[in-house]
Enquirer: 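Input: one structure, supplied below.
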2 protein chains.
Amino acid sequence: MRVTQRDIAKKLQLSISLVAGVLNERPNVWASEENRKRILNTAKEMNYRPNAAARALRSGRTNTVACLFINSPGQHAIVEVLAETLANIGYDLLVKVMRDHEQAQRRIKNLISRSVCDAVVLWGLEKDIEQSAMLLETEKIPFVVKGHFEESHPYWCQVDFDHIKMMEHTVKYLASLGHTRIAYLGYDHDLVYEHKLLEGFRSGMRSCVGIEVKDEYILTANDDMECTNDDTSVLERELEKILAAPREYRPTAFAMGTGLGAWHTIEKLLAKSGLKLGWEPGDITLAGMGGEDAPLLFGEGYMFKDTDVTNLANIIALRFLPKLLKGEYPESNISLFLPSFVRHASFRLSLR
Amino acid sequence: MRVTQRDIAKKLQLSISLVAGVLNERPNVWASEENRKRILNTAKEMNYRPNAAARALRSGRTNTVACLFINSPGQHAIVEVLAETLANIGYDLLVKVMRDHEQAQRRIKNLISRSVCDAVVLWGLEKDIEQSAMLLETEKIPFVVKGHFEESHPYWCQVDFDHIKMMEHTVKYLASLGHTRIAYLGYDHDLVYEHKLLEGFRSGMRSCVGIEVKDEYILTANDDMECTNDDTSVLERELEKILAAPREYRPTAFAMGTGLGAWHTIEKLLAKSGLKLGWEPGDITLAGMGGEDAPLLFGEGYMFKDTDVTNLANIIALRFLPKLLKGEYPESNISLFLPSFVRHASFRLSLR
DNA sequence: TTGAAAGCGCTACCAA
DNA sequence: TTGGTAGCGCTTTCAA
């Protein structure tokens with residue numbers, strides 16, 4: 001059976017409290033050097049490990065952090081980082097997956113009242129997270145959220161990509177290549193990061209190119225489910241329209257606020273006219289979001305690495321949680337991360 | 001503060017044990033209908049939740065399952081399924097990530113002696129898992145492993161893809177298209193699944209084509225790190241060699257035991273000679289493993305869906321764990337899963 | 001039908 | 001330097 005403090009105490013003919021005191025290095029308990037050694041040694045010999053449940057019950061601390069994914073499939077790379085980093089500071093990671101914020105609310109109430117964790121990480125879209133986080137706030141459970149709550153909840157511990165800077169950086173890069181007619185291609189589902197990206201695009205254009213962006217230069221890449229039967233997607237039609245514009249109005253570059261799919265769509269569309277992505281004369285230059293695993297087909301481009309989500313997990317586990325778990329409040333509670341902007345792999349298929 | 005049984009008892013002027021008995025529906029405790037209702041109602045009103053630590057301490061059961069990933073990055077899609085399915089039967093999921101089997105051994109000893117979970121799922125390569133599982137076996141902790149231990153540990157609860165059937169199926173499919181000169185392309189790192197795939201290939205060839213496979217038809221796609229500088233990889237050179245063979249000896253199809261990268265390599269190699277993957281006359285037909293996200297470039301092929309790992313998680317969480325957690329032993333402790341064999345997405349880029 | 005009481009293993013406080 | 005003891009919230013046994 002499992003070894004308890006009592007077992008050690010009995011074996012050494014000492015009191016439990018002395019054993020406990022020595023094992024936990026309590027400041028006001030100090031055994032004679034000899035007893036200290038004996039306790040430590042037999043604890044090791046007998047392979048003593050404190051019982052997690054008993055300790056949790058008594059101390060009220062569980063040494064566990066819960067990570068809740070609310071309606072966000074495919075984001076689980078971060079559990080690896082979280083689990084590993086938390087293990088280093090002696091914490092376990094509990095993972096919960098929820099479909100919507102109502103389920104989340106219920107589960108969180110459960111978590112709280114059953115006292116199964118000392119802190120919570122909330123992962124998902126802002127609209128799904130917000131209410132749950134507010135619940136944790138009123139219950140005074142330390143928590144960190146993924147998302148942009150800079151305006152709505154400036155005191156929450158929060159982590160996200162710096163979407164504004166990402167697009168500013170993208171524009172700056174494109175501008176540095178000499179582009180001035182830069183269009184933006186992104187999604188529009190009224191999600192916070194989408195607004196931030198567009199904001200970054202506008203401000204980048206203002207500061208790097210000195211231009212207020214015209215509406216025609218803001219394109220939407222939303223998939224529309226209704227016309228999957230069409231041979232050309234909405235995006236393709238939009239792009240064809242803008243590329244059909246007179247030469248001097250046509251954008252020479254796109255700041256991308258999409259996934260890789262849109263890059264591929266553009267590549268294939270351009271290929272029809274013998275064009276490719278890149279930096280050579282005649283090329284169209286793309287840069288921005290999209291850094292998934294698959295390579296580009298024909299051309300080249302710079303993207304932010306999406307595997308950098310693990311960096312967010314690192315920030316949470318290294319910068320925020322250690323403080324929060326000690327009952328402290330981090331000096332800076334908002335962490336916006338600029339992922340690395342790198343050349344994306346490409347098959348460089350030749351066009352002819 | 002959190003509501004306890006005592007709070008309810010005090011409020012209703014009843015004893016704690018009666019309250020506890022009613023709340024847990026204990027068979028030998030039955031309050032008067034009136035008191036039963038009162039207890040249930042106030043418990044709900046006061047939002048009573050049993051304290052996890054106290055319950056664990058007293059009962060010795062934690063209602064938690066630990067999933068340990070040993071040296072297996074990128075496999076975390078399964079936590080989503082595990083977490084969700086376990087939640088349905090009232091269990092929490094603890095996730096641990098370990099670099100090697102030594103770290104795993106230590107962590108598992110810790111888990112066991114601290115009594116933090118009721119069962120364990122081990123995920124990784126057979127050689128990394130085996131020792132840890134043996135530890136769990138001697139400690140009589142219920143566990144499920146991912147991998148092939150049919151021969152080495154036939155009584156372990158184990159789940160994996162049915163790699164033999166997968167390759168048999170692949171060969172059968174290729175044979176049904178009329179192919180007889182079918183080569184195998186796989187890895188050779190002495191991993192169990194690699195051997196199983198090859199075994200399946202051989203047996204498929206035997207039963208569907210009636211041929212003992214010649215060694216020249218077994219190709220290895222191992223990346224060799226040393227010659228990244230070369231413009232042609234080892235795989236390319238091997239393929240070129242076999243495709244340069246006289247027409248009547250050349251394979252017309254490949255059973256693939258690799259990832260998608262090898263498919264792309266082959267596609268590009270074939271493209272140089274104006275060939276593509278597919279089923280049309282002159283095409284080379286590929287089928288088998290490789291089902292990652294990125295589409296094919298030029299041609300077509302059938303692959304097993306690798307997102308089907310979540311099916312393994314489902315089997316673990318639905319078929320094995322409920323039994324094991326009840327202290328029972330599943331009727332059938334080995335579950336081999338045949339993933340779906342589907343046409344893979346392709347850009348269908350035209351070759352000219 | 002109900003209640004009293006022991007005790008899971010640990011922490012924390014007080015006394016010697 | 002050490003030991004005693006209360007009690008965290010719950011389960012379980014026995015008694016009323």
Side-chain angles (χ1 to χ4, degrees), chain A residues 1-40 42-43 46-64 90 110-116 118, chain B residues 1-40 42-43 46-64 90 110-116 118:
Chain A
M1 248 325 269
R2 321 204 193 291
V3 180
T4 70
Q5 291 177 349
R6 206 215 321 269
D7 297 330
I8 299 175
K10 206 181 286 172
K11 182 159 188 179
L12 297 181
Q13 299 281 32
L14 293 170
S15 74
I16 296 180
S17 36
L18 188 61
V19 170
V22 169
L23 289 177
N24 291 6
E25 296 174 321
R26 257 188 272 285
N28 48 346
V29 175
W30 25 293
S32 63
E33 190 54 24
E34 193 201 321
N35 275 338
R36 213 183 68 87
K37 282 235 172 80
R38 291 209 301 154
I39 291 171
L40 257 26
T42 45
M46 301 174 75
N47 191 29
Y48 166 79
R49 300 286 148 97
N51 179 297
R55 184 172 267 184
L57 176 58
R58 184 60 238 237
S59 68
R61 311 189 64 253
T62 58
N63 276 264
T64 299
N110 212 353
L111 274 190
I112 295 170
S113 45
R114 294 185 348 131
S115 73
V116 300
D118 299 332
Chain B
M1 249 327 269
R2 323 205 192 289
V3 180
T4 70
Q5 291 177 350
R6 203 210 329 264
D7 297 330
I8 299 175
K10 206 181 288 174
K11 182 159 188 178
L12 297 180
Q13 299 281 31
L14 292 170
S15 75
I16 296 178
S17 37
L18 188 61
V19 170
V22 168
L23 289 177
N24 292 8
E25 295 174 322
R26 257 186 272 284
N28 48 346
V29 174
W30 26 292
S32 63
E33 189 54 25
E34 192 200 324
N35 276 339
R36 212 183 68 88
K37 283 237 172 76
R38 291 209 302 153
I39 290 171
L40 258 26
T42 44
M46 300 174 77
N47 192 31
Y48 166 80
R49 300 287 149 95
N51 178 298
R55 182 172 269 185
L57 177 59
R58 185 62 238 241
S59 68
R61 310 189 66 252
T62 58
N63 276 263
T64 299
N110 211 354
L111 274 189
I112 295 170
S113 46
R114 295 185 347 133
S115 74
V116 301
D118 299 333

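Letters A, B, ... are given to chains in the order of the sequence lines, protein chains preceding strands, and every chain is numbered from 1.
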Enquirer: Residues two or more places apart in sequence or in another chain: which of them pass side chain to side chain contact (heavy atoms under 4.5 Å, CB included) with B/Asp118?
Expert: B/Arg61, B/Thr62, B/Tyr91, B/Leu325

Enquirer: Excluding sequence neighbours, so at least two apart, what forms side chain to side chain contact (heavy atoms under 4.5 Å, CB included) with A/Asn35?
Expert: A/Leu14, A/Ala31, A/Ser32, A/Arg38

Enquirer: Considering only C/dC10, D/dC10, C/dT2, which nucleotide approaches the side chain of B/Leu18 most closely?
Expert: C/dT2

Enquirer: Quick one: bend of the helix from C/dT1-D/dA16 to C/dA16-D/dT1 from 5 pairs per end, to 10°?
Expert: 40°

Enquirer: Has the side chain of B/Ser17 got a donor or acceptor atom sitting under 3.5 Å from an opposite partner on the base of C/dA4?
Expert: yes

Enquirer: Rounded to whole Å, how long is the line connecting atom CG of B/Asn24 with atom P of D/dT12?
Expert: 8 Å

Enquirer: Under the side chain to side chain contact (heavy atoms under 4.5 Å, CB included) rule, collect the residues that match up with B/Gln13, sequence neighbours excluded.
Expert: none

Enquirer: Where along residues 55-63 of chain A does a heavy atom come under 4.0 Å from DNA chain C, residue by residue in number order?
Expert: A/Arg55, A/Arg58

Enquirer: Would you kindly give the CD-to-P distance between A/Gln13 and D/dT1, to the nearest whole Å?
Expert: 20 Å

Enquirer: Could you check which of D/dC10, D/dT2, C/dA4 has an atom nearest any side-chain atom of B/Asn51?
Expert: D/dC10

Enquirer: Could you state the atom-to-atom distance from CD1 of A/Ile8 to P of D/dT2 in whole Å?
Expert: 16 Å

Enquirer: If you find the nucleotide of DNA chain C closest to B/Leu14 and the one closest to B/Ala54, which residue's nucleotide is nearer the 5' end?
Expert: B/Leu14

Enquirer: Just jot down the salt bridge (charged side-chain N to carboxylate O under 4.0 Å, His left out) partners of A/Arg36, sequence neighbours excluded, or say none.
Expert: A/Glu33

Enquirer: Can you list everything that forms a salt bridge (charged side-chain N to carboxylate O under 4.0 Å, His left out) with A/Arg114? Sequence neighbours excluded, please.
Expert: B/Asp92

Enquirer: With A/Ser59, which residues qualify under side chain to side chain donor-acceptor pair (under 3.5 Å), at least two apart?
Expert: none

Enquirer: How would you list, by chain and number, every residue that makes a side chain to side chain contact (heavy atoms under 4.5 Å, CB included) with B/Asn47, sequence neighbours excluded?
Expert: B/Arg49

Enquirer: Over how many whole Å does the gap from B/Arg114 atom CZ to C/dG9 atom C1' extend?
Expert: 13 Å

